[in-house]
Amino acid sequence: MKGIEMNQLLVSDVMSDAAVVARKGETLSDVVSKMKKGHLREVPVLDGDKPVGLVSYSSLVMRRSVPLSAKVEQVMRPAPRLEEDMSMTQAVEELMSAGVRGAPVVRNGKMVGFLSRTDIIKILPRIDELRGKKVSEFMSSNPVAVTEKENVAKAQMLMKGLMEKSLPVVDGSGRLVGAVSMSDVIDVLWTPRAVKPANVIQGQRAAPEISVDSIMSRPPVSASVGDSLEKVANLMINRGVATVFIEEEGNLVGVVSQADMMEQIISLKKKEGVYVQITGLSEDDPDIYDVMYELIGKAMKRIDKIQFPRVFTVHVQTYHSEGLRSKFSMHARLTTDRKMYFASATDWDLFKTLDTLLNQVEKNVKREHERDLDKRKKKQGS
């Protein structure tokens, strides 16, 4: 198969037709039916020929309760604006920044196609710079999992907090036995088994007596730490999944999602600086984000003296544990030109949590740099 240069691709080269769309004024019941029938996770909403938003499973789960008679406008979210002549690397950045899996492509304001993560994954086995990359180089380590006997409400809570679309299921020994997806959970939420009547989607709570093993898929789609990005991409395409779980001797050791693959594409973009994404934070105050970006920028400049930082993502979880006080938990991943680094931190102060997190990342980079220097000295001395 002939290789292609990612930086030469345009959105029009990769986009597909949007066979399924929702219309402004349609009921949520109609749209949900379309999504289930087409096995779709996101559907564009049109007003005439113009895209006005997206409806996704995640937008349903994030709501407390939604009557199926509600209009689609009540649950849709804004869609990023993708032009057909936009570069693919820029389009991937737009999708990641908006936190969506796909978006309508427009020409003169009118929809002419749809670009999804699945469309993008299909071209990855042809990208010479990525295809041979080993799973161990870009997987997310120590993934959160649920056990077979835990209830669906627990799985839903974890998906919501971690912004995940699929969770691994393990047995008592930590061995990978299945997977539960957001669509599995949504199916439970609007059936008579749910706590609320079947005409209401309950976004916060599912029946506690419904265990994960009753709805999970088995066996899960998995790969090993020594497999390549090309193999994982082909698994996603051929098995129709957005997440591949990584095993080592039968035990769950990592996970590769479509979002992880998107970050690898962004890392190829020829540019100065680092791509930064903050997810999960519900604050609307732009000053808070300004301070966070400033702190991150200063840390990245220090790290840049050691390794070139390409992509930095941080996910924030907020807990209201003491009255109106909030506790913050952050998980971060830094992709440099050499390696991937992970860190986490928890504190009652948002900026202190971020500062601790960034210090951890910086220490990890310095520690790896010192190891490399020691190896070189030993090699020169031998």
Side-chain angles (χ1 to χ4, degrees), residues 39-42 56-58 61 92-103 115-125 127 130-131 133-146 155-156 158-170 176 178-185 216-217 220-225 227-247 252-268 275 277-280 310-317 331-335 340-342 344:
H39 303 289
L40 302 171
R41 295 178 177 88
E42 285 181 325
S56 66
Y57 277 127
S58 57
V61 168
V92 171
E93 282 193 343
E94 292 287 339
L95 293 177
M96 292 291 287
S97 296
V100 297
R101 302 167 57 88
L115 181 68
S116 69
R117 287 184 183 174
T118 301
D119 295 324
I120 300 167
I121 296 297
K122 287 179 181 178
I123 67 170
L124 292 189
I127 306 296
L130 294 177
R131 60 192 301 176
K133 203 165 190 178
K134 297 300 181 185
V135 165
S136 57
E137 297 179 55
F138 62 92
M139 71 178 188
S140 296
S141 304
N142 304 314
V144 174
V146 289
Q156 180 198 0
L158 290 173
M159 286 182 194
K160 179 181 175 182
L162 297 172
M163 304 287 283
E164 295 291 348
K165 303 295 187 296
S166 183
L167 289 175
V169 183
V170 296
L176 183 65
V180 59
S181 69
M182 187 176 289
S183 57
D184 295 327
V185 172
M216 73 179 189
S217 55
V221 179
S222 63
S224 68
V225 290
D227 286 332
S228 66
L229 182 146
E230 181 180 8
K231 179 174 181 178
V232 172
N234 285 326
L235 278 173
M236 288 180 174
I237 296 164
N238 297 330
R239 301 292 295 274
V241 297
T243 306
V244 174
F245 303 109
I246 309 304
E247 294 181 285
L252 175 71
V253 295
V255 61
V256 174
S257 67
Q258 287 185 341
D260 297 324
M261 305 288 244
M262 298 302 102
E263 285 188 11
Q264 294 304 303
I265 293 173
I266 294 173
S267 71
L268 297 177
Y275 172 80
Q277 183 178 30
I278 301 172
T279 62
R310 294 185 179 274
V311 183
F312 182 74
T313 59
V314 55
H315 180 68
V316 185
Q317 288 177 265
H331 301 273
R333 176 168 63 187
L334 171 66
T335 301
M340 188 176 289
Y341 300 90
F342 300 89
S344 59

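All of these numbers come straight from a predicted model, not from anything done at the bench. Residue numbers start at 1 and run along the sequence shown.
- Atom CE of M262 sits about 3.5 Å away from atom CD1 of I121, to the nearest 0.5 Å.
- In this structure, Q264 and F138 approach most closely via the heavy-atom pair NE2-CB, 3.3 Å.
- Results of the side chain to side chain contact (heavy atoms under 4.5 Å, CB included) test with P125 over R131, E230, K231 single out E230 as the only residue that passes.
- Considering every non-hydrogen atom in both V169 and V180, the closest pair reads CG2-N, 4.0 Å.
- Here the CZ atom belonging to R310 is positioned 10.0 Å from the OG1 atom belonging to T335, to the nearest 0.5 angstrom.
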query = side chain to side chain contact (heavy atoms under 4.5 Å, CB included) between I265 and L124: does it pass, once the steps are laid out?
reply = CA-CA 9 Å; I265 293 173; L124 292 189; 3.6 Å; yes
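- Listed by chain and number, the residues in a side chain to side chain donor-acceptor pair (under 3.5 Å) with E94 amount to none (sequence neighbours excluded).
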Take Y275 and S267 through the test side chain to side chain contact (heavy atoms under 4.5 Å, CB included) and record every step on the way to the result.
CA-CA 8 Å; Y275 172 80; S267 71; over 6 Å; no
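- Residues satisfying the side chain to side chain donor-acceptor pair (under 3.5 Å) criterion with N234, sequence neighbours excluded, are absent altogether.
- Side-chain contact annotation: H315 with T279, donor-acceptor N/O pair under 3.5 Å present.
- Remark: V221 pairs with L235, R239, V241, V244 by the side chain to side chain contact (heavy atoms under 4.5 Å, CB included) rule, at least two apart or across chains.
- For T118, there are no side chain to side chain donor-acceptor pair (under 3.5 Å) partners at least two apart in sequence or on another chain.
- Of all non-hydrogen atoms in L167 and V144, the two that sit nearest each other are CD2-O, 3.9 Å.
- Here the straight-line distance linking atom CD of Q317 with atom OG of S344 works out to 10.5 Å at 0.5 Å rounding.
- E247 pairs by the side chain to side chain contact (heavy atoms under 4.5 Å, CB included) definition with L176, S222, not counting sequence neighbours.
- By the side chain to side chain contact (heavy atoms under 4.5 Å, CB included) test, S217 pairs with A179, sequence neighbours left out.
- Distance check, rounded to the nearest 0.5 Å: OG of S228 to NZ of K134 gives 6.0 Å.
- Under the rule for a side chain to side chain contact (heavy atoms under 4.5 Å, CB included), the partners of A103 that lie at least two apart in sequence or sit in another chain are P80, L82, L95.
- Separation of atoms OG (S166) and CD (Q258) is listed at 11.0 Å; rounding is to 0.5 Å.
- Here R333 pairs with S140, D260, E263 under the side chain to side chain donor-acceptor pair (under 3.5 Å) rule; sequence neighbours left out.
- Judged by distance alone, the side chain of E42 and the main-chain N or O of R101 form a donor-acceptor pair under 3.5 Å.
- Residues M236 and M261 meet the side-chain proximity criterion, which asks for heavy atoms closer than 4.5 Å.
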So L252 and F245, side chain to side chain contact (heavy atoms under 4.5 Å, CB included) or not? Walk me through it.
CA-CA 7 Å; L252 175 71; F245 303 109; 4.0 Å; yes
